[in-house]
Amino acid sequence: MYRKANISDIENIVKITNNKITKQEIVEFIQRGQNYLYVYEQDEGIVGATFFGAQDIEEYDYDSEVFGLYTKNTKDKDMIHAELLFDTKKELFNMGYRKLVIWADETDENLRKSLQSSGGKEVKQRENDGAIQIAYSYDLIDLSEMEKDVD
């Protein structure tokens with residue numbers, strides 16, 4: 001189940017991010033304007049989280065951005081990742097956004113492969129804290145009638 005995160009989810013979200021994001025950072029993210037935090041939940045609990053919202057850098061031609069996409073390290077990680085991305089794109093479209101960008105570290109082959117297989121087009125590169133990041137662009141469409149392709 002894909003749903004909006006709540007305060008009681010914060011501990012589990014910190015674990016899924018491998019402590020890359022603190023509790024305080026999560027609370028601040030939730031409290032900011034047009035930023036959203038959703039989780040993906042299965043029988044065993046929260047197995048994924050996505051941070052997304054408005055993209056406001058003027059030189060970029062995108063109105064939304066996924067700031068973080070995290071999944072629990074399980075055998076189903078790729079499937080969970082694909083479902084999170086699908087549901088996030090659908091949610092952004094329903095919120096009125098039409099162009100999405102997601103940045104991935106050049107060295108994160110799994111994420112890059114997932115973004116490419118989900119229709120992301122490589123459009124830009126930048127340096128961020130000494131790492132090369134690649135931008136993947138999506139034109140958001142109405143996904144409400146589509147089946148999830150999570151193979």
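Just so you know, these numbers use all the heavy atoms, side chains as well, and skip hydrogens, waters and symmetry mates.
Rounded to the nearest 0.5 Å, atoms CD (E25) and NZ (K20) are 12.5 Å apart. Rounding to the nearest 0.5 Å gives a distance of 5.0 Å between CD of E109 and CZ of R112. To the nearest 0.5 Å, the span separating CZ on F93 from CD1 on I141 amounts to 8.0 Å. Note that CD of E106 and CD1 of I134 are 5.0 Å apart. Values are rounded to the nearest 0.5 Å. Here I46 contributes atom CD1 and E11 contributes atom CD; the two are 11.0 Å apart, rounded to the nearest 0.5 Å. Here I21 contributes atom CD1 and I10 contributes atom CD1; the two are 11.5 Å apart, rounded to the nearest 0.5 Å.
Annotation: side chain of L85 is in contact with side chain of L115 (closest heavy-atom distance under 4.5 Å). Contact check for I80 versus K72: no side-chain heavy atoms found under the 4.5 Å cut-off. Here the side chains of L69 and I102 are not in contact, with every heavy-atom distance at 4.5 Å or above. In this structure, I26 and F51 have side chains that are in contact, with non-hydrogen atoms separated by less than 4.5 Å. Contact check for N19 versus V14: side-chain heavy atoms found under the 4.5 Å cut-off.
Side-chain N or O atoms of S64 include one that pairs as donor or acceptor with a backbone N or O of K99 at under 3.5 Å. Listed for the Y70 side chain is no donor-acceptor partner under 3.5 Å among the backbone atoms of N18. With hydrogens and angles disregarded, a donor-acceptor distance shorter than 3.5 Å links the side chain of Q55 to the backbone of Y62. Without hydrogens or angle criteria, D9 side chain to N6 main chain gives a donor-acceptor distance under 3.5 Å.
Partners of N128 by side chain to side chain contact (heavy atoms under 4.5 Å, CB included), not counting sequence neighbours, listed by chain and number: R126, Q133. The side chain to side chain contact (heavy atoms under 4.5 Å, CB included) check on N110 picks up D108, with sequence neighbours excluded.
In this structure, Y138 and S118 approach most closely via the heavy-atom pair OH-OG, 2.7 Å. Closest of all the heavy-atom pairs between W103 and V101 is NE1-CG2, 4.0 Å. When every heavy atom of A49 is checked against every heavy atom of L37, the shortest pair comes out as CB-CD1, 4.3 Å. Nearest heavy-atom pair across A54 and F67 is O-CZ, 3.6 Å. When all heavy atoms are compared, the tightest approach of R3 to E41 is NE-OE1, 3.0 Å. Closest of all the heavy-atom pairs between G53 and N35 is CA-OD1, 4.1 Å.
Between the side chains of T107 and D105, no donor-acceptor pair is found at a separation under 3.5 Å. Y40 and T50 form no side-chain donor-acceptor contact under 3.5 Å, judged by distance and modelled atom types alone.
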Inset, instruction - Carefully, step by step, assess K121 and Y136 under the rule side chain to side chain contact (heavy atoms under 4.5 Å, CB included). - result: CA-CA 5 Å; K121 294 179 178 50; Y136 291 86; over 6 Å; no
Legend entry - Audit row: Y36, M95, side chain to side chain contact (heavy atoms under 4.5 Å, CB included) steps and yes/no: CA-CA 11 Å; Y36 306 93; M95 291 175 173; 3.7 Å; yes
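No option in H81, Q42, E83 other than Q42 meets the side-chain contact (heavy atoms from CB on, under 4.5 Å) test with V47.
If you look at F52 and Y38, their ring centroids are closer than 6.0 Å.
Hydrophobic clustering of Ile, Leu, Val, Met, Phe, Trp and Tyr side chains at less than 4.5 Å, counting indirect connections, keeps M1 apart from M79.
Salt-bridge annotation for R98 and D139: absent, with no side-chain N of the basic residue lying under 4.0 Å from a carboxylate O of the acidic one.
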